[in-house]
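Here the structure is laid out as structure tokens; the discussion comes afterwards.
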Amino acid sequence: MPELPEVETAKNGIEPYLKGFIIERIVVRQPKLRWQVSEKLSEISQQKVTALSRRAKYLIIHIEQGYIIGHLGMSGSVRIVPHDSPVDKHDHVDIVMNNGKLLRYNDPRRFGAWLWTDNLAQFPLFAKLGPEPLSDEFNGAYLFEKSRKKTTALKTFIMDNNIAVGVGNIYANESLFLCGLHPLKIANTLTLTQCELLVDTIKQVLSTAIAQGGTTLKDFLQPDGRPGYFAQELLVYGRKAQPCLKCGYPIESLVIGQRNSFCCPHCQIR
DNA sequence: CAGAGCTCCTGAATGC
DNA sequence: TGCATTCAGGAGCTCT
């Protein structure tokens, strides 16, 4: 499932094939994704891609008139393929470029989205998003302040997009394990020092993953079609009943906010 | 307002 | 072997 590092990797991977080139047309085979695909996309023709960017896990393709906004959901991927590449099952959207290539979006579970706006600043989905996790705005003091009135589980808190974007389930589990904080710890019991440690850990985990090109999980393909990889083994995620890599105690799994969670009850303090 | 639960969807895993 | 059931999961939305 694409997390922030995967989206960043995808953005960087597709950029050389899009930026500076002209979109000839956009083919929508399946408009029923998480939301109906913007009808505007089918009308786009002969527009240059001026830039690519990312906000949270949204991919933003800047074109001469407006912005195409994509989200990979949990099973989506984008690849660059030749114009004559045969269409596979779940290939829902093609952005056809004038360089012989096209950006092909495939998404078995259709949790993704492809939208259009002419005003990024007022794009409703971006209105309430918290800071980017790798920005300076996301720091210990910020997290401490935000946590003061929060009685939710720490794991739910750091995955809340209003607090900070892009901390998905896997990286939330990994970050909490690394800094020794229990996922069920109540958010407002964090000390400033713990907030600083947690922020530093999240930044480190995400930037390491970005540097390595994303996590290998069954659904993700990099833009050129090769599987992604995550050289650094996951330390707790998916390791139920296996020995904790720090102390050997069996890793526990629990459900927090409808999300599968993993922790070492011995190393991670409430 | 905060927090809990619901929802979209399909492939993989599990159950008999 | 095969069919039926269960479950995961991002994140906005609805309800309490």
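The chains referred to below are lettered A, B, ... by the order of the sequence lines, with proteins before strands, and numbering in each begins at 1.
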Using whole Å, report how far [atom1] of [X] lies from [atom2] of [N].
X        : N      : atom1 : atom2 : value
A/Leu184 : B/dA4  : CG    : C1'   : 15 Å
A/Ile163 : B/dC1  : CD1   : P     : 14 Å
A/Asp88  : B/dT10 : CG    : C1'   : 16 Å
A/Asn188 : B/dG3  : CG    : C1'   : 13 Å
A/Asp160 : B/dA4  : CG    : P     : 11 Å
A/Trp35  : B/dC9  : CH2   : C1'   : 14 Å
A/Arg148 : B/dA2  : CZ    : P     : 15 Å
A/Gln30  : B/dT10 : CD    : P     : 8 Å

(request) Would you sort out whether A/Lys57 and A/Glu6 count as a salt bridge (Lys or Arg N to Asp or Glu O under 4.0 Å), showing the intermediate values? (result) CA-CA 9 Å; A/Lys57 294 178 189 170; A/Glu6 282 83 348; over 6 Å; no
So, is [X] near the phosphate of [N], with a side-chain N or O under 4.0 Å from OP1 or OP2?
X        : N      : value
A/Ser75  : B/dC9  : no
A/Lys89  : B/dG11 : yes
A/Lys150 : B/dG3  : yes

(message) By nearest heavy atom, map A/His90 and A/Leu33 onto DNA chain B; which one lands nearer the 5' end?
(response)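 Result of the comparison: A/Leu33.
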(message) Tell me if the aromatic rings of A/Tyr105 and A/Trp114 count as close, with their centers under 6.0 Å from one another.
(response) yes
(request) Please confirm whether A/Phe262 and A/Phe177 have ring centers closer than 6.0 angstrom. (result) no
(message) Please verify the inter-ring angle class for A/His62 with A/Tyr67; under 30° counts as parallel, over 60° as perpendicular, anything in between as tilted.
(response)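 Perpendicular.
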(request) Quick one: do A/Asp107 and A/Ser75 satisfy side-chain hydrogen bond (donor to acceptor under 3.5 Å, both in side chains)? Show the steps, please. (result) CA-CA 5 Å; A/Asp107 189 355; A/Ser75 59; 2.5 Å; yes
(request) Have a look at A/Thr156 and say if it touches a base, only the backbone sugar-phosphate, or nothing, with a 4.0 Å heavy-atom cut-off. (result) nothing
(request) Pick base, sugar-phosphate or nothing for A/Tyr58, based on heavy-atom distances below 4.0 Å to the nucleic acid. (result)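 Contact class for A/Tyr58: sugar-phosphate only.
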(request) Between protein and nucleotides 5-10 of chain C, map the contacts as a letter string: B base, S sugar-phosphate only, - none, heavy atoms under 4.0 Å, written 5' to 3'. (result) ---BBB
(request) Go through A/Asp118 and A/Lys40 one step at a time and tell me if the salt bridge (Lys or Arg N to Asp or Glu O under 4.0 Å) criterion holds. (result) CA-CA 11 Å; A/Asp118 59 356; A/Lys40 182 78 183 179; over 6 Å; no
(request) May I ask you to say whether A/Arg54 pairs ionically with A/Glu8, meaning some side-chain N is under 4.0 Å from a carboxylate O? (result) yes
